[in-house]
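Just so it is clear: chains get the letters A, B, ... in the order the sequence lines come, proteins before strands, and each one is counted from 1.
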There are 2 protein chains.
Amino acid sequence: MDKFTFIDRPDNQRLQLMKKSYTELNSDIVRLFIDFQWTYRNMQKAYDDVLDKNGLSESRFIILMFLYHAPNQTMLPSVISEKLGATRATVSKLLKAMEIKGWVSKSSSTTDKRSLSIQLTENGNQVLEKFLPENFNIANVLFGSLTSEEMEQLFYLLKKIQDNTQKYTHKNGEIKDANKKD
Amino acid sequence: MDKFTFIDRPDNQRLQLMKKSYTELNSDIVRLFIDFQWTYRNMQKAYDDVLDKNGLSESRFIILMFLYHAPNQTMLPSVISEKLGATRATVSKLLKAMEIKGWVSKSSSTTDKRSLSIQLTENGNQVLEKFLPENFNIANVLFGSLTSEEMEQLFYLLKKIQDNTQKYTHKNGEIKDANKKD
DNA sequence: GCATTTTAATTAGCCGGCTAACTATTTTTG
DNA sequence: CAAAAATAGTTAGCCGGCTAATTAAAATGC
């Protein structure tokens, strides 16, 4: 849903025009918001293209990494879902496709008949080993021209945005929960 | 596709472990890359929730804005597709849903029988007018705690990342084009 | 002036997010 | 100990991105 690149972004003139009708509008903040989205999407598209060349999506890659690091290269779908931050329905579909590709294998749990064990196969491991150098390379390409100070500054600014997001989300969540309790 | 939130992010210990096998790995760059994605996704999810409350998605909102600013509030789907940076197939589906909601109306072009004219309706205008204050408010909430200097610095850093992305994309595009000419 | 190419818009299907509903199993409660 | 609630995983369908194929119309080339 976020793949479109929003080529025609509002210029300052258009924003000033709207400012007359909307006192909430702070043009610098709006331009920064749009710039943040635009830069992210272009960067993410470049990264997705590299993943795609390896038959991967980012979620598939992250799941392979979870399995790679797990004891016995094995994990439950419900745990993958929690760590990935996606629903079990989504993870179910992803694992189905990855099983078809031969990157993971499924087996029933001996202790809980509802559960499955997902294990990284040799095929899956090879896909990871082939992709990982490219993964780190693209990261170097996209961010490698930032100096150490600039990286520190970006970390700091991202944290401020994340803190703002979290405060807003929690405030909103509380309102939602209160409404539920009515 | 980018909505999952990637809750379990690799910590420094796990990265150092992998560094032994992958010389390309620069932990600061990888952590920054993942942090950028994570912050963006959380911020975008908060924004999407506000859109959703108004029956909107970001693409629908942007299309309404394009029509709002267009002469006679009218535009061709092919022009919308170019400005949005999405395919005509995607825009066709979006416009169909928006027509059903009564936000836009379609009429045949008098000059080109292949073309359609898309016009913003009074309904659509009202959806925009209701949403715009909330739109600017959420932007203020998410970015409003940055000082002017911090905003300038973020603009600058985003530009560096965008320049890196563009150099990489063009280099890759050239390679692709060369391959096509074989 | 006709054949070929390009363009405009649509539909089908894939992918990966979501919610809702389902079946089967385990856990909790009274 | 049985009923109720919660959990695990799956499927269906929606949404919005994509590509490919389709139909109809316009533009181009010879």
### Query
Whole-Å distance between D:dT11 P and A:L94 CG?
14 Å
### Task
Hey, which sits more toward the 5' end of DNA chain C by its nearest nucleotide, A:A97 or A:T111?
A:A97
Tell me which donor-acceptor pairs under 3.5 Å the side chains of residues 129-149 of chain A have, and how far apart each pair is, sequence neighbours excluded?
from   : atom 1 : to     : atom 2 : distance (Å)
A:E129 : OE2    : A:N125 : ND2    : 3.3
A:K130 : NZ     : A:N54  : OD1    : 2.9
A:N135 : OD1    : A:Y47  : OH     : 2.7
A:N137 : ND2    : A:P133 : O      : 3.3
A:N140 : ND2    : A:F136 : O      : 3.4
A:N140 : ND2    : B:E24  : O      : 2.9
A:S145 : OG     : B:N164 : OD1    : 3.3
A:S145 : OG     : B:N164 : ND2    : 3.0
A:T147 : OG1    : A:E150 : N      : 3.1

### Query
What's the CD-C1' distance between B:Q44 and D:dC15, to the nearest Å?
15 Å
### Query
Can you tell me if the side-chain N/O atoms of B:T87 get under 4.0 Å from OP1 or OP2 in D:dT19?
no
### Task
Applying salt bridge (Lys or Arg N to Asp or Glu O under 4.0 Å), name anything that partners B:E99, two or more places apart in sequence or on another chain.
B:K106
### Task
Please state how far atom NZ in A:K113 lies from atom C1' in C:dT27, giving the value in whole angstrom units.
15 Å
### Task
Nearest whole angstrom, please: distance from the P of D:dG9 to the CD of A:E99.
13 Å
### Message
I need a per-nucleotide contact map over nucleotides 1-11 of chain C, read 5' to 3'. Cutoff is protein heavy atoms under 4.0 Å; write B for the base, S for backbone only, - otherwise.
### Response
------BBSBB
## Note on the structure
Across all chains, not counting sequence neighbours, the salt bridge (Lys or Arg N to Asp or Glu O under 4.0 Å) partners of A:E82 are none
#### Entry: side-chain hydrogen bond (donor to acceptor under 3.5 Å, both in side chains) partners of residues 62-79 of chain A, not counting sequence neighbours, each pair once
A:T74-A:Q119
### Task
Could you state the atom-to-atom distance from CG of A:D49 to P of D:dT19 in whole Å?
10 Å
### Query
With a 4.0 Å cut-off, would you call B:K45 and B:D48 a salt bridge?
no
### Summary
Taken to the nearest whole Å, CD1/B:I7 to P/C:dG17 is 13 Å
### Query
Below 4.0 angstrom, N of the basic side chain to O of the carboxylate: do A:D163 and A:K167 qualify?
no
Would you mind writing out the side-chain donor-acceptor pairs for residues 90-97 of chain B within the sub-3.5 Å range, not counting sequence neighbours?
from  : atom 1 : to    : atom 2 : distance (Å)
B:T90 : OG1    : B:T87 : OG1    : 3.1

For nucleotides 2-4 of chain D, list the nitrogen or oxygen atoms of the protein found under 3.5 Å from its nitrogen or oxygen atoms, one pair per line.
none

### Summary
A:I63 atom CD1 is separated from D:dG9 atom P, nearest whole Å, by 13 Å
### Task
To the nearest Å, give me how far apart CG (A:D48) and P (C:dG17) are.
10 Å
### Query
Under 4.0 angstrom, heavy atoms only, what part of the nucleic acid is B:S57 near: base, sugar-phosphate, or nothing?
sugar-phosphate
### Query
Among pairs that include at least one residue of residues 111-124 of chain A, which meet salt bridge (Lys or Arg N to Asp or Glu O under 4.0 Å), considering only residues two or more places apart or in two chains?
A:D112-A:R114
### Query
Which pairs with one or both residues in residues 9-21 of chain A pass salt bridge (Lys or Arg N to Asp or Glu O under 4.0 Å), sequence neighbours excluded?
A:D8-A:R14, A:R9-A:D35
